[in-house]
Every structure is written in C-alpha cells, then in structure tokens.
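Below is one structure, written out as structure tokens; comments come after it.
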Amino acid sequence: GAVVSQHPSWVICKSGTSVKIECRSLDFQATTMFWYRQFPKQSLMLMATSNEGSKATYEQGVEKDKFLINHASLTLSTLTVTSAHPEDSSFYICSAVAGATDTQYFGPGTRLTVL
Amino acid sequence: GENVEQHPSTLSVQEGDSAVIKCTYSDSASNYFPWYKQELGKRPQLIIDIRSNVGEKKDQRIAVTLNKTAKHFSLHITETQPEDSAVYFCAAFTGDSSYKLIFGSGTRLLVRP
C-alpha cells in the first residue's frame, strides 16, 4: 500500500514553455501533498505544501506565479512550471500524507530538463 | 523554524564495518525523525524512523538513536554491504499542522568491497 506515482518520469522542453507534472496517490487518499526540488548532489528542498481544495502554501523564495500547484482531488496534485528556463532544470519529487499522520510517501520523481 | 544539520557529507567504509551518520535539529517541538535512503535518480525510501517517546529503535542491521536533550539523532548501519552505498537523508517533523519534513543535507555512503 501507500503508492505514489508521478508523470512524466522525465521531460525535456524548450525555454519559455510550460510543463505540467502530475502526482497521484494510487491506493489512499492524500489530504496533503508536498512538492520538492532536488538539484544534483543536494538535498530535497521543499517548494510548497498542497492541501486538497485549498491554495498551496509556498516556502520562502519559491515563486508561486511560476510554480502553479493545484490539488483538485484527494488523489491528484499537479505542479506546472510556467515559462521554464534552464535554471529550472531539476529533479522534482512529490510526496503524500494520508490523513493526520507524519509519514510521507514519495513519488518516483520527474527529471525536468529545459533547453 | 526547524533546521536540521547532517554529518558527515561523505563516508567511506570497508564492507563489513559499521557506518554512523549524525543529525542535529533545532526545534525542541520536533517529534518524528525518519531516515531515507536515496539511490541515484530514484525516490527517497524510508528505511527507519523514530518518535520522540523512544530513545532507540532497531531493524536488523539498521538502528537509530535519539537524544532529545541534546537534540540529535543518529543512524547506525552494522555489517555494511556494497548495496548499502547510497545517499542517506535524515529529517525532522515539527508536529504542527503543516506536516512538513525538514531534511538534512545528506550523506553519501560508499561501502568498499
């Protein structure tokens, strides 16, 4: 149980385009989902917390107009990187929490490369 | 807010030896401390966790200790094997309604055959 999927697993896009990444909890309802960004050889940096049916809470320094997060259902959250630039190239990982619990289940990640 | 520091950044051990990774946290309200193993290009996998009401927890070759007074916790891997080579992250959960995990900077463990 507690499986989280992400789609796509990798994406290459041109600078200036937008990219949408999906995060799904496959066998449980995720009241809260998190989006992380991980640069090579670095730790996971939390970008935002996404609660179903409400606006995402962004961490300091993360541009909410650039990284659009939507959590429309208890099993799906999406991250849209708008007007992507090469510096946005990174490994994006989501995680999900089931109910009032502290255990996070991670998705497999999406590698974004912006040319 | 919470801050988690992790040491060392890299650790190289001979197969069969033990490996110890240490983390400190700043928020005394933190009450849950998971450890994750991440192989290159893959998702972090939870390998063991400990809660603030427990001082030590063991699962086969892996153990975690927690010192709440000193606000530090450690991961111990005994009888290391080459497949233990990976990046290990500690994390702390503050226990508030945000359910956020704050991660350490990671330790790259290399087990030499």
Side-chain angles (χ1 to χ4, degrees), chain A residues 1-7 9-10 21 23-26 30-52 54 56-62 71 90-113, chain B residues 1-11 21 23 25 27 29-54 57 66 73 85-110:
Chain A
V3 179
V4 177
S5 70
Q6 268 182 254
H7 180 82
S9 56
W10 59 270
I21 303 170
C23 177
R24 293 181 184 273
S25 56
L26 299 184
T31 51
T32 304
M33 287 184 170
F34 301 89
W35 286 96
Y36 296 86
R37 181 167 50 184
Q38 186 177 34
F39 292 109
K41 297 186 178 181
Q42 293 190 22
S43 187
L44 285 81
M45 298 302 297
L46 180 64
M47 300 175 66
T49 303
S50 168
N51 291 298
E52 185 265 337
S54 61
T57 302
Y58 291 82
E59 294 299 302
Q60 191 173 8
V62 178
H71 194 159
S90 187
F91 194 48
Y92 291 87
I93 308 176
C94 71
S95 71
V97 174
T101 178
D102 45 30
T103 303
Q104 291 190 20
Y105 301 97
F106 284 86
T110 297
R111 184 159 302 282
L112 170 63
T113 302
Chain B
E2 175 65 280
N3 182 48
V4 177
E5 294 191 357
Q6 183 171 347
H7 300 280
S9 57
T10 59
L11 180 59
I21 302 171
C23 288
Y25 61 98
D27 190 344
S30 292
N31 58 13
Y32 173 63
F33 307 91
W35 285 88
Y36 289 88
K37 175 183 179 181
Q38 187 180 31
E39 297 177 353
L40 188 63
K42 297 192 175 180
R43 77 183 84 196
Q45 290 189 308
L46 178 68
I47 57 172
I48 197 168
D49 55 15
I50 192 167
R51 300 179 190 281
S52 58
N53 59 346
V54 177
K57 184 177 178 180
L66 171 65
F73 55 113
S85 297
V87 179
Y88 291 81
F89 293 99
C90 63
F93 172 66
T94 60
D96 62 19
S97 59
S98 70
Y99 298 108
K100 290 196 300 187
L101 278 178
I102 306 300
F103 283 83
S105 54
T107 296
R108 187 171 300 277
L109 174 64
L110 173 64

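Proteins get letters first, then strands, A, B, ... in listed order; numbering begins at 1 in each. The model shown is predicted, which means the values in this text are computed figures rather than measured ones.
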Distance from A:S95 atom OG to B:L46 atom CG, nearest 0.5 Å?
12.0 Å
Donor-acceptor under 3.5 Å (B:R108 side chain, A:K41 main chain)
no
With a 3.5 Å distance limit and no angle check, can you tell me whether A:S43 reaches the backbone of B:G106 through a side-chain donor-acceptor pair?
no
Using a 4.5 angstrom heavy-atom cutoff, name the option from A:R111, A:Q42, A:E59 with the most pairs to chain B.
A:E59
Side chains of A:I93 and B:Q38 in contact at under 4.5 Å (non-hydrogen atoms):
yes
Interface moiety of A:Q60 toward chain B, non-hydrogen atoms closer than 4.5 Å:
neither
Checking A:Q38 against chain B: side chain, backbone, both or neither under 4.5 Å from a heavy atom?
side chain
Checking A:F106 against chain B: side chain, backbone, both or neither under 4.5 Å from a heavy atom?
both
B:V87, B:D49, B:L101: which one forms the most heavy-atom pairs within less than 4.5 Å of chain A?
B:L101
Non-hydrogen atoms of chain B under 4.5 Å away: do they reach the side chain of A:L44, the backbone, both or neither?
both
Checking heavy atoms, do the side chain of B:Q6, its backbone, both or neither come under 4.5 Å from chain A?
neither
Report which part of B:P34 has an atom under 4.5 Å of a heavy atom belonging to chain A: side chain, backbone, both, or neither.
neither
Enter the distance from B:R43:CZ to A:Y105:OH here, rounded to the nearest 0.5 Å.
12.5 Å
From OH (B:Y36) to CD (A:Q104), nearest 0.5 Å
5.5 Å
Heavy-atom pairs under 4.5 Å with chain A: which of B:G41, B:A91, B:S105, B:P44 has the most?
B:P44
Quick one: CZ on B:F103 to CG on A:L46, what's the gap to the nearest 0.5 Å?
9.0 Å
